[in-house]
Amino acid sequence: TQSTWGAPFWDWSLDSLSKYLEVGLTAHYVASSLAARLMIRQKRGLIVTTADEFQGEPTEDGSDPVTGMFGIPYCITKGAIDRMTVNMATDLRPQNVAIVGLDPGYCETENVRNLVKKNN
């Protein structure tokens, strides 16, 4: 099976999905949990998560250019990080610890440039 950006979800291996979740989501969860423990002891702190504003506007043909380029596993991970941040904020607020999520949007990297070339 194919497990590269831009492939339809049915061509992604479960191993590839697991790697996205482990690297993207689990890493945010573990780091946030460890930071929260330290900050709760201090009675203050700020945790920042980063995801991606992946929910683009559909094109005229109804397709989603972001999902089409990066794949559903990528978008699942980014959406889960945003949701996790909201839920963690509820738990952390009474502890005087804040958590915010940043979605920086488009960041041009070598991988992104190659994807854009490939899809144009």
Side-chain angles (χ1 to χ4, degrees):
T1 60
Q2 187 178 12
S3 58
T4 59
W5 283 3
F9 74 91
W10 56 86
D11 283 342
W12 283 71
S13 69
L14 290 179
D15 185 53
S16 293
L17 173 61
S18 294
K19 286 178 183 173
Y20 265 83
L21 293 173
E22 183 178 334
V23 171
L25 183 58
T26 304
H28 273 78
Y29 184 89
V30 170
S32 296
S33 297
L34 294 172
R37 291 174 190 161
L38 294 172
M39 293 176 188
I40 289 168
R41 276 190 239 137
Q42 298 175 159
K43 299 185 181 356
R44 64 187 176 98
L46 171 65
I47 299 170
V48 179
T49 62
T50 57
D52 185 11
E53 186 183 6
F54 64 87
Q55 298 171 358
E57 292 294 319
T59 59
E60 286 184 20
D61 68 0
S63 65
D64 176 358
V66 176
T67 302
M69 185 179 295
F70 297 108
I72 290 174
Y74 173 85
C75 293
I76 289 169
T77 300
K78 299 306 182 178
I81 291 168
D82 285 340
R83 185 73 241 166
M84 180 188 73
T85 301
V86 169
N87 290 52
M88 286 180 174
T90 301
D91 285 351
L92 290 170
R93 189 173 295 116
Q95 306 298 325
N96 197 39
V97 176
I99 184 168
V100 296
L102 298 180
D103 294 340
Y106 180 78
C107 295
E108 189 169 319
T109 65
E110 185 176 344
N111 282 341
V112 170
R113 280 192 299 273
N114 291 337
L115 277 172
V116 170
K117 285 178 190 174
K118 178 181 166 186
N119 287 293
N120 283 332

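Keep in mind the model is a prediction, meaning the values are calculated, not measured.
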Asks: Could you measure the distance from the CG atom of Leu25 to the OG1 atom of Thr77? Nearest 0.5 Å is fine.
Replies: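 Between atom CG of Leu25 and atom OG1 of Thr77 there are 6.5 Å.
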Asks: Once salt bridge (Lys or Arg N to Asp or Glu O under 4.0 Å) is applied, what residue pairs with a partner in residues 18-27 remain, sequence neighbours excluded?
Replies: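 Salt bridge (Lys or Arg N to Asp or Glu O under 4.0 Å) check on residues 18-27 returns Asp15-Lys19.
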Asks: To the nearest 0.5 Å, how far apart are CD1 in Ile76 and CD1 in Ile81?
Replies: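 Reported value, rounded in 0.5 Å steps: 12.0 Å.
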Asks: Tabulate below the donor-acceptor pairs under 3.5 Å that side-chain atoms of residues 32-44 make, not counting sequence neighbours, or state none.
Replies:
| unit_1 | atom_1 | unit_2 | atom_2 | d |
| --- | --- | --- | --- | --- |
| Ser32 | OG | His28 | O | 2.8 |
| Ser33 | OG | Tyr29 | O | 2.9 |

Asks: What are the two closest non-hydrogen atoms of Pro104 and Ala51, and how far apart are they?
Replies: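 Here Pro104 and Ala51 meet closest at CD-O, 3.6 Å.
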Asks: Tell me, please, which residues at least two apart from Ala31 pass side-chain contact (heavy atoms from CB on, under 4.5 Å).
Replies: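 For Ala31, no residue satisfies side-chain contact (heavy atoms from CB on, under 4.5 Å) once neighbours in sequence are set aside.
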Asks: Distance check, rounded to the nearest 0.5 Å: Asp103 atom CG versus Asp82 atom CG?
Replies: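 One gets 4.5 Å once the value is rounded to the nearest 0.5 Å.
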Asks: Show the nearest heavy-atom pair for residues Tyr20 and Trp12, with the distance to one decimal.
Replies: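 Minimum heavy-atom separation between Tyr20 and Trp12: CE1-CZ3, 3.3 Å.
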Asks: Who are the side-chain contact (heavy atoms from CB on, under 4.5 Å) partners of Leu46, not counting sequence neighbours?
Replies: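 Listed in chain order: Val48, Ala98, Val100.
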